[in-house]
Amino acid sequence: MPKCSWCNKVIVPKENFVRFPCPNCGGVIIVRCKKCREFGRPYKCPKCGFTGP
Ligand SMILES: [Zn+2]
Ligand SMILES: [Zn+2]
């Protein structure tokens, strides 16, 4: 199960979430849950430390 990169919440498959590779290093898949998208919370790449909106 994927986990949200910000709040560590486990994502349920039916939930509206986004998943994309880190724009900086591309080596990590960033997952953001619906809530974190709504609040516009930033994400942080665990590999390179890149943060973004
Ligand atoms: Zn979240
Ligand atoms: Zn990265």
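Each ligand, and each atom within it, is numbered from 1 in the order the structure gives.
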- Item | V31 vs F17, side chain to side chain contact (heavy atoms under 4.5 Å, CB included): CA-CA, chis, key distance, verdict | CA-CA 7 Å; V31 180; F17 70 100; 3.8 Å; yes
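- Cluster membership for V18 and I30, using ILVMFWY side-chain heavy atoms within less than 4.5 angstrom, is shared.
- To the nearest 10 degrees, the Zn ion (ligand 2) sees SG of C48 and SG of C22 at an angle of 110°.
- Around the Zn ion (ligand 1), the angle linking C33 (SG) with C36 (SG) is 100°, rounded to 10 degrees.
- Between the SG atom of C7 and the SG atom of C4, the angle centred on the Zn ion (ligand 1) amounts to 100° when rounded to 10°.
- Between the NZ atom in K35 and the CH2 atom in W6 there is a gap of 15.0 Å [rounded to 0.5 Å].
- Classified by interplanar angle (parallel below 30°, tilted 30° to 60°, perpendicular above 60°), the ring pair Y43/F50 is tilted.
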